[in-house]
Amino acid sequence: MSVLSTKHLLGIKYISTEDIQAIFKAATDFKEVINRPIKKVPSLRDITIANLFFENSTRTRISFELAERRLSADVLNFTASSSSVSKGETLLDTVRNILSMKVDMVVMRHPAPGAHHFLAKHIDANIINAGDGTHEHPTQALLDAFSMQEVVGNLKGKNIVIVGDILHSRVALSNVFCLLKLGANVKVCGPPTLIPKHIKELGVEVEYDIRKALEWCDVANVLRIQLERQETKFFPSLREYMLYYGINKKLLQDIGKPITILHPGPINRGVEITSDVADSDHSIILQQVENGVAIRMAVLYLLSGKR
Ligand code: CP
């Protein structure tokens with residue numbers, strides 16, 4: 001069994017290109033498994049996994065749970081809103097109590113950037129980051145890159161633009177790390193107020209004109225405008241955002257070349273992307289969701305080898 005170079009998946013920043021390739025190879029095998037009539041394998045039969053969600057989620061939470069069940073793990077679900085966190089219990093106390101029930105792996109989403117790094121210093125279980133505030137969302141970046149590869153082949157030398165609210169997006173940062181490790185050329189595109197000041201230092205280029213960005217790229221990963229993380233106004237109105245940065249069918253037709261469109265979800269239809277693009281042949285949004293299960297199976301399986 002191949003294993004990863006790390007015990008935890010805290011972010012794409014902390015894993016190697018070889019780790020990413022190993023995850024993709026295992027995900028390819030697991031994708032074949034989950035398309036069989038009998039979708040379950042016994043790989044994690046004696047492993048107990050806790051899914052700790054301190055922030056809302058639809059895709060990631062369901063996808064991890066399905067991945068765990070497909071691998072025959074025992075699964076324990078925790079959501080902060082219905083827990084003793086509301087009575088003031090700390091993150092460390094919450095997790096230590098759950099781990100005393102003999103949990104082997106922890107999948108966690110938390111609003112605080114770095115919460116997983118903090119936990120990793122205090123507990124023995126494998127930790128998988130399912131999103132930490134505006135920091136990283138590593139399994140999303142892995143499933144995004146894996147889905148891109150299925151359509152355009154090896155990402156080395158491919159032109160990929162990440163569009164939208166880069167400033168508040170953990171998906172953007174994890175995508176940047178992942179795509180650069182795989183040898184892609186990466187640009188970010190959005191209003192100047194939503195592009196972090198020092199992003200070029202990571203090795204990406206910035207393009208403020210959506211038409212130029214789309215003319216340049218093979219693949220566009222379109223991000224949600226994260227209004228819940230914006231305490232001040234970063235652009236005048238959603239209507240104006242749509243006018244300058246929204247991706248619609250007419251824009252793609254004018255550009256007139258095949259561009260693969262991704263979106264991590266949830267979509268603000270009619271804001272960052274119109275329905276006629278989200279539901280078109282350009283879009284691989286549902287393929288991303290399908291691949292999410294295989295990628296998460298691969299991550300869980302490979303990390304279990306570090307136990
Ligand atoms: N892509 C993603 O993280 O979606 P959820 O917030 O629904 O998990």
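Just follow the structure's listing: the first ligand is 1, and inside any ligand the first atom is 1.
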*Do Gln149 and Asn154 meet the criterion of a side-chain donor-acceptor pair at a distance under 3.5 Å?*
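No, no side-chain donor-acceptor contact under 3.5 Å.
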
_Any donor-acceptor N/O pair, Thr94 side chain to Thr90 backbone, under 3.5 Å_ =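 Checked: pair present.
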
Note the single closest protein heavy atom to [atom], along with its residue, its atom name and the distance in Å.
| atom | answer |
| --- | --- |
| atom 1 (N) of ligand 1 | Pro264 O, 2.9 Å |
| atom 6 (O) of ligand 1 | Arg109 NH1, 2.9 Å |
| atom 4 (O) of ligand 1 | Arg59 NE, 3.1 Å |

For ligand 1, which atoms have a heavy atom of [X] less than 4.0 angstrom away?
| X | result |
| --- | --- |
| Thr58 | 5 (P), 7 (O), 8 (O) |
| Thr60 | 2 (C), 3 (O), 4 (O), 5 (P), 8 (O) |
| His137 | 2 (C), 3 (O) |
| Gln140 | 1 (N), 2 (C) |

_Centroid-centroid distance, His110 to Phe118, less than 6.0 Å_ =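 Judged by ring-centre distance (under 6.0 Å), His110 and Phe118 do not meet the cut-off.
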
*Do the two ring centres, one from Phe53 and one from Phe78, sit under 6.0 Å apart?*
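So the answer is no for these two rings.
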
Other residues, nucleotides, ligands: >12 heavy atoms within 6.0 Å of [X] [atom1]:
| X | atom1 | value |
| --- | --- | --- |
| Lys31 | NZ | yes |
| Arg269 | CZ | yes |
| Glu205 | CD | no |

*Compute the minimum heavy-atom distance from Gly265 to ligand 1 and say whether it is under 4.0 Å.*
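Contact present.
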
*Could a heavy atom of Glu55 be found less than 4.0 Å from some atom of ligand 1?*
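No, Glu55 has no heavy atoms under 4.0 Å from ligand 1.
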
